[in-house]
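Structure record follows, encoded as structure tokens.
All heavy atoms count here, side chains included; hydrogens, waters and symmetry mates do not. Since the model is a prediction, treat every value here as computed from it, not as a measurement. In what follows, chains are A, B, ... by sequence order, proteins preceding strands, each numbered from 1.
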Amino acid sequence: MKLANGIDVDSIVPENELEEEIIEDIKAGRTKEVITRCPPEPSGYWHIAHAKAWTIDFDTAIKFGGKTYLRMDDTNPVKEEGEFSDSYMDDLAWLGYKPYKLVFASEAYFDDIYKIAEQMILDGKAYVCELSAEEVSATRGTLTEPGKESPYRNRTPEENLKLFHDMRDGKFADGKATLRAKIDMAHPNMNMRDPVMYRVLRAEHYKLGNKWCIYPMYDFAHPMEDALEGVTYSLCSMEFRDHRPLYDWFIENGWKKPFAPKQREFSRLTIENVLIGKRYLKQLVKEGYVNGWDDPRFPTLVGVRRRGYTANAIKQFVKSTGWGNVLEVTVPYSALEYYVREDLNKIATRAMVVLDPLKVVITNLEKSEEIEIENNPNDENSGKHKAVFGKEIYIEREDFSLNPPPKYNRLVEGGIVRLKGAYIIKCNKAVLDKDGNVDHLECEYLPETKSGEDNSGIKCKGTIHFVSKDNCFKVTIRQFKNLIKEEYKNPAKALSEGTAISEILEPNSLIETTALAENFLKDAKVEDKFQFMRKGYYCVDKDSTKDNLIFNSTISLKDGFKPNK
RNA sequence: AGGGGUGUAGCCAAGUGGUAAGGCACUGGAUUUUGAUUCCAGCAUUCGUAGGUUCAAGUCCUGCCACCCCUGCCA
């Protein structure tokens, strides 16, 4: 069986219940084309958890050759700010998604939604209620007791229509009237107890200005927007489960046409040790704990992108957490890191950078020699780049030890170690300064051990990286620790329980240092990703200047060194 | 007896009556000119719990327990 776009449904392997349902719908002729919608509310910056929703919205449609509308669900003028409504396009493009069309619900659908409301009034399905917000709340009942019907519930359709027009025409002050759906005040599902469809609200809408003084509520507007747009599957997070009966009620009593969009729900994603609540992130930006919404320590998409995480890693990660069938799934941060390393390992160019230099003099070397470094040993096509082995070089201070721990296979006095891509060297002497610290090393190289041409038979346990004095330059390194202290697995909960935000933050989560990088890195551009061999993955930060290249530490390499085993 | 949802390893998660996939994490070991990568092996005698049906139950039935969501004119 083929879809209109030529895709053979029988060749599609469903990966979750929704996809199974879609296949059934297609086979039964209920669905001709899979259309989804991605509805970010333009009121904040997008983070990793949003990426899960977007991935589901887009990938579900892509899998069936369908399309996805990007829809600004801007039904509340007091929450939405134009300031925030732009970055989603960049984020989406970064993730590799292209919306079929961008629509602003306010501009595109408010008129139609209004007309549907009028018809529902005429059908006796909606009424204008003049109870105050407090009174509505007081008459809603409780979880275990039914609510009371509004005294305005039995007005005639004609009366309701006139009053609704009065609402639209500004004859009611804010909060003085609402349009309510006439369902059932005793319904066990609280959402069905005559929910508000429209409220009177005088606020400047960032798109429509003061065109309206009434705004539809999400529960009413969303199913109507879906229906008007032809969305077949409206995917949202699990907390809307209880709203589904209402969604279906509005489709049946408001939309009334045979085509019915379906709301289906997936689990929200949360990550241990990551603070994701918008209002907290806002506070951190405002109070200067971080340097803006794209701070590399932030879980925002612009943040992780600047940190050096790849779009592919983010997508693979969110997919790995599944569709879910509970409110939210919580996964450890290491699950995310796995996908970041996996992707970077494939694409990052290898380079030698010494973060904490220790000078080494190669006493028996006359002149500098050119060497070659593989750009990526896991990728045959990545090529090599040139580096230099010189008389004066720098190695990582931690790669030499006067008192080596067990199993230490780096340099020790009298010992040997291989310099990556160059020769094996032997340490003859550690020269100490007046405080007893190692000032520099005097080593000799073993000429017959050149990398790739070594027939000496000399066995050497360790290999370390280095840079030569005449082939390196100084760069700035930004090392990050997790913003949130390790012990706060659920920082939002700690905050909601009254813990101060300053208490849960890791002190010194940003440390700026300098390092010596091989000259090869001089041409690096913003967002270029590298593996500093034996250290970790780094990418060029946008703060870099011509004279000061800044690298963000994306993530360290795994360290399997176990001195005690 | 408000309604809805969920219980499978430290975490995520397949499983749709036929004898517990996979991934993360972890632990061994092999390879390695990155202590990375890669590879190989180990990691639930049992699926919240107590019964029941069945030749056979994580899957079906009944009771119980635990956790999550719902009382905005937010989305």
Tell me whether the OP1 or OP2 atom of [N] has a side-chain N or O from [X] closer than 4.0 Å.
{"X": "A/T75", "N": "B/rA75", "result": "yes"}
{"X": "A/R140", "N": "B/rC73", "result": "yes"}
{"X": "A/R180", "N": "B/rG72", "result": "no"}
{"X": "A/R350", "N": "B/rU34", "result": "no"}
{"X": "A/Y338", "N": "B/rC24", "result": "yes"}
{"X": "A/R199", "N": "B/rC74", "result": "yes"}

For B/rG72, is chi within 90° of 0 (syn) or not (anti)? syn
Got a donor-acceptor pair under 3.5 Å from the side chain of [X] to the base of [N]?
{"X": "A/N189", "N": "B/rG2", "value": "no"}
{"X": "A/T142", "N": "B/rU71", "value": "no"}
{"X": "A/R410", "N": "B/rG35", "value": "yes"}

Starting from [atom2] on [N], measure out to [atom1] on [X] and report it in whole angstrom.
{"X": "A/L411", "N": "B/rU33", "atom1": "CG", "atom2": "P", "result": "18 Å"}
{"X": "A/F240", "N": "B/rG4", "atom1": "CZ", "atom2": "C1'", "result": "15 Å"}
{"X": "A/D219", "N": "B/rA75", "atom1": "CG", "atom2": "P", "result": "8 Å"}
{"X": "A/K558", "N": "B/rC26", "atom1": "NZ", "atom2": "C1'", "result": "10 Å"}

Quick one: do A/Y114 and A/F164 satisfy ring-ring contact (aromatic ring centres under 6.0 Å, His included)? Show the steps, please. CA-CA 10 Å; A/Y114 178 79; A/F164 185 48; 4.9 Å; yes
Pairing partner of B/rG10 (Watson-Crick or G-U wobble, both distances under 3.5 Å): B/rC24
Look through every strand shown and name the nucleotide pairing with B/rU54 as Watson-Crick or G-U wobble, where both distances are under 3.5 Å. none
Under the ring pair (Phe, Tyr, Trp, His ring centres under 6.0 Å) test, which residues partner A/Y333, sequence neighbours left out? none
Check this for me, if you would: do A/E130 and A/R155 make a salt bridge, where the nitrogen-to-carboxylate-oxygen distance has to be below 4.0 angstrom? yes
Between the side chains of A/K63 and A/E15, is the shortest nitrogen-to-carboxylate-oxygen separation below 4.0 Å, so that they form an ion pair? yes
Under 3.5 Å: donor-acceptor pair, side chain of A/H205, backbone of A/D74: yes
Do you know which of A/R534, A/E396, A/K420 makes side chain to side chain contact (heavy atoms under 4.5 Å, CB included) with A/I464? A/R534
Interatomic distance at C1', B/rG22 relative to B/rG5, whole Å: 26 Å
For A/Y127 and A/Y152: C-alpha separation, side-chain torsions, deciding distance, then whether ring-ring contact (aromatic ring centres under 6.0 Å, His included) applies. CA-CA 8 Å; A/Y127 63 97; A/Y152 304 101; 8.5 Å; no
Stretch residues 314-326 of chain A: residues that reach within less than 4.0 Å of RNA chain B through a heavy atom: A/S320, A/T321, A/G324, A/N325, A/V326
